[in-house]
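The structure displayed is predicted, hence computed values, not measured ones.
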Amino acid sequence: MPNNNEETNQEVTPGQAQLDSSLTQKIKYLQTLQSALHEHDDRQIYELIDKPRYDREVKKSRSTTKTQNLADLVADDHEQLSHYLSENLIDYLGKTYPFFYYDEVRNGEFDIYFGNWWDRRKFGKLDVLNVAFEFDETEYGKLKRSFELDALNQRYNTDNIAEISANSAQLQKLIDGQDERDHQKETLRQQLKEVSQKSTLPWDSGKVKEERQTIVDQLSKLADDDEEAINANKKIKENDEKILSLSKEDTILTYEKQSIQQRFEDFSHFESHNQSLYTDYLTSLIGKGQVNVDD
């Protein structure tokens, strides 16, 4: 019989070893992340939450080795991480993009506003964890188009304002032409009366009918113009308000365009900086002493 005092040797199975290794990696990952947080090492935190991207865009590593995705361990902490990492990031952005302002609408979630002037635009959102701007497509498109039109000495709403102004001019013409239309209506009514009194011999009936219909159509058109003229003043006022709104928008776009030109010279350089923002920011952290220990 086996001796109960003897220690039984339990062999570690391959499955147990694999599990132990996996747990050890996760514990080490969380401890490293916690240490980086305590030491205010934002650079290392960014590396830990997306190591493949960090290796590719900051370290310029071409390695295709797949590693265990440990960042999922803190997926439910992204709001807190975003809030924490935002302080240094927004400080950096304030120097690089001095015309952007940020509002933390919820913990770790930031709206972007362009400028500090009246009627400034909400321009999108700041993705802190990915160090990226998520611009509002409509507002971004307007700004980009304003740069393209600048080469033609036009503003974004130049064509819209011209079209509305032309409509107002036509409406004013209707108002001013009331007396002339009244005179035309009187003349046409007299003509209609004369046509109605004409002989209606069989061979003339078709011609008379056609002449009468022509006069009726002209009177109908003048009546339509009268109806439109009645509402013309109200419509002109509405057009004036639209033009004022579009002019304000053009003014805001001009402020935005000038802000970008002062900082980046042109829109293409602005776009280029946006695309390299992640790399530029993390490189700046390395330059401040938050050194990549793997380098």
- Item | Donor-acceptor under 3.5 Å (S21 side chain, A17 main chain) | no

- Message: Side-chain heavy atoms nearer than 4.5 Å, only ILVMFWY residues, links allowed to pass through others: does that put I161 and L244 together?
- Response: no

- Just wondering, are more than 12 heavy atoms of other shown residues or ligands nearer than 6.0 Å to NE2 in H78? yes

- Query: How long is the gap from CD on Q275 to CZ on F270, to the nearest 0.5 Å?
  - Reply: 10.5 Å

- Over all heavy atoms of both residues, which pair between F133 and L93 is shortest? Give the atoms and the distance, please. CZ-CD2, 3.9 Å

- Message: Surrounding CD of E87 (heavy atoms of other residues, nucleotides or ligands, distance under 6.0 Å), is the total greater than 12?
- Response: no

- Can you check whether Y255's main-chain N or O pairs, donor with acceptor, with S259's side chain at less than 3.5 Å? yes

- Using a strict 4.0 Å threshold on nitrogen-to-oxygen distance, state whether K221 and D217 make a salt bridge. no

- Task: Using a 4.5 Å cut-off on heavy atoms from C-beta on, say whether the side chain of H273 contacts that of R263.
- Result: no

- At what distance, to the nearest 0.5 angstrom, does CD1 of I112 lie from CG of D127? 9.5 Å

- Note on the structure: Distance col, row L73:CG vs L33:CG, nearest 0.5 angstrom, shows 9.5 Å

- Donor-acceptor under 3.5 Å (D266 side chain, H269 main chain): yes

- Y101 atom OH, over 12 foreign heavy atoms within 6.0 Å: yes

- Message: N157 and side chain to side chain contact (heavy atoms under 4.5 Å, CB included): which single residue from I164, I243, L246 fits?
- Response: L246

- S61 side chain to D55 main-chain N or O, any donor-acceptor pair under 3.5 Å? no

- Message: Has Y140 got a side-chain atom pairing as donor or acceptor with E134's backbone, closer than 3.5 angstrom?
- Response: no

- Task: Would you kindly confirm whether L70 and I27 end up in one hydrophobic cluster when ILVMFWY residues are joined by side chain heavy atoms under 4.5 Å apart?
- Result: no

- Task: Check step by step if side chain to side chain donor-acceptor pair (under 3.5 Å) holds for Y46 and R53.
- Result: CA-CA 9 Å; Y46 274 109; R53 184 186 184 192; over 6 Å; no

- Message: Are I286 and L277 linked, directly or through intermediate hydrophobic residues, by side-chain heavy-atom contacts shorter than 4.5 Å (ILVMFWY only)?
- Response: yes

- Query: Closest approach of L285 and R43, non-hydrogen atoms and distance?
  - Reply: CD1-N, 3.7 Å

- For the pair N88 and Y281, evaluate side chain to side chain donor-acceptor pair (under 3.5 Å) and give the outcome as yes or no after the intermediate values. CA-CA 10 Å; N88 286 332; Y281 176 56; 5.0 Å; no

- Query: Does some side-chain heavy atom of E256 sit less than 4.5 Å from a side-chain heavy atom of W117?
  - Reply: yes

- Query: At their closest point, which heavy atom of D41 faces which heavy atom of Y84, and how far apart are they?
  - Reply: N-OH, 4.4 Å

- Pick one: which of D250, D150, T254, I252 meets side chain to side chain contact (heavy atoms under 4.5 Å, CB included) with Y156? D250

- Query: Can you tell me if NZ on K144 sees more than 12 non-hydrogen neighbours from other groups inside 6.0 Å?
  - Reply: no

- Query: Counting N and O atoms only, with roles assigned by atom type, does the side chain of R120 sit under 3.5 Å from a partner on the main chain of G115, one being a donor and the other an acceptor?
  - Reply: yes

- Message: Counting only heavy atoms from other residues, nucleotides and ligands, does the tally under 6.0 Å from CD of E238 exceed 12?
- Response: yes

- Query: Looking at the rings of F100 and F110, which for Trp means the six-membered one, are their centres under 6.0 Å apart?
  - Reply: no

- Message: Treating T13 as the side-chain partner and Q16 as the backbone partner, does any N or O pair qualify as donor plus acceptor under 3.5 Å?
- Response: yes

- Query: Between atom CG of L89 and atom CG of L282, what is the distance when rounded to the nearest 0.5 Å?
  - Reply: 9.0 Å

- Note on the structure: A71 and Y29 have their tightest heavy-atom pair at CA-OH, 3.3 Å

- Short question: side chain of T251, backbone of S247 - any donor-acceptor pair under 3.5 Å? yes

- Can you tell me if K60 uses its side chain to pair, donor with acceptor, with the backbone of E57 under 3.5 Å? yes

- Do E249 and K142 sit within salt-bridge range, that is, some charged N less than 4.0 Å from a carboxylate O? yes

- Rounding to 0.5 Å, atoms CD (Q25) and CG (D20) come to a distance of 10.5 Å

- Task: Starting at CG of L19, measure out to OG1 of T24 and round the result to the nearest 0.5 Å.
- Result: 9.0 Å

- Would you please classify the geometry between the F114 ring and the F123 ring as parallel, tilted or perpendicular, with 30° and 60° separating the classes? perpendicular

- Query: When you measure from the side chain of T32 to the backbone N and O of K28, does any donor-acceptor pair fall under 3.5 Å?
  - Reply: yes

- Fit a plane to each ring of Y97 and F264, take the angle between them on a 0 to 90° scale, and name the class: parallel (under 30°), tilted (30 to 60°) or perpendicular (over 60°). tilted

